[in-house]
Amino acid sequence: MKTERIRLPMGHPALKGHFPGHPIVPGSLLLEFVLAAWGSPVAAVPSVKFHRPVFPGDDVTLCFTPAAKAPAICFRCLREDVPVCSGLLLPAVAQS
């Protein structure tokens, strides 16, 4: 199992229009952080579910565990141990 803790940025450009006066971290930005934390090429993200909104400045823990069907990887994003996002990554297969 791999984990990483991140703090979502207060001044990220994606927050400007999402939503004025009450910023919420876009799901695509959260997924971008998941992929960066995974750190290896990903072929696909076949499933993702957003459970709760994430706000700028939130601390989020990213957890990665092997899925039942290898080589897939399960990921979860937690804010204070409460799931905010979860899904499945399919790592890219290295070409020889």
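Fair warning: this is a prediction, and the values are worked out from it, not measured in the lab.
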*Heavy-atom pair with the smallest gap, counting every atom of Pro91 and Ala72*: CD-CA, 4.3 Å
Within this structure, what is the [atom1]-[atom2] distance for the pair [X] and [Y], rounded to the nearest 0.5 Å?
X: Glu4; Y: Cys63; atom1: CD; atom2: SG; answer: 10.5 Å
X: Leu88; Y: Lys69; atom1: CG; atom2: NZ; answer: 10.0 Å
X: Phe75; Y: Thr3; atom1: CZ; atom2: OG1; answer: 15.5 Å
X: Phe33; Y: His12; atom1: CZ; atom2: NE2; answer: 5.5 Å
X: Phe64; Y: Ser40; atom1: CZ; atom2: OG; answer: 10.0 Å
X: Lys49; Y: His51; atom1: NZ; atom2: NE2; answer: 6.0 Å

Heavy-atom distance under 4.5 Å between the side chains of [X] and [Y], does that happen here?
X: Pro46; Y: Leu90; value: yes
X: Cys77; Y: Val34; value: yes
X: Pro56; Y: Val25; value: yes
X: Arg79; Y: Asp59; value: no

_With a sphere of 6.0 Å drawn around CZ of Arg76, does it hold more than 12 non-hydrogen atoms of other residues, nucleotides or ligands?_
no
*Lys2 atom NZ: more than 12 heavy-atom contacts under 6.0 Å*: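 Counting other residues, nucleotides and ligands, NZ of Lys2 exceeds 12 neighbours.
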Are [X] and [Y] grouped together when hydrophobic residues (ILVMFWY) are joined by side-chain heavy atoms under 4.5 angstrom apart?
X: Leu15; Y: Phe55; answer: no
X: Ile24; Y: Ile6; answer: no
X: Leu78; Y: Leu8; answer: no
X: Leu35; Y: Leu29; answer: yes

*Start with the C-alpha distance between Val48 and Ser86, add both sets of side-chain angles, then the distance that settles side chain to side chain contact (heavy atoms under 4.5 Å, CB included), and finish with yes or no.*
CA-CA 6 Å; Val48 62; Ser86 61; over 6 Å; no
_With a 3.5 Å distance limit and no angle check, can you tell me whether Arg7 reaches the backbone of Asp58 through a side-chain donor-acceptor pair?_
no
*Can Thr61 and Arg5 be counted as having a side-chain donor-acceptor contact under 3.5 angstrom?*
yes
_If you apply the rule side chain to side chain contact (heavy atoms under 4.5 Å, CB included), what do you find for Trp38 with Ile73, and how did you get there?_
CA-CA 10 Å; Trp38 176 244; Ile73 302 295; 3.7 Å; yes
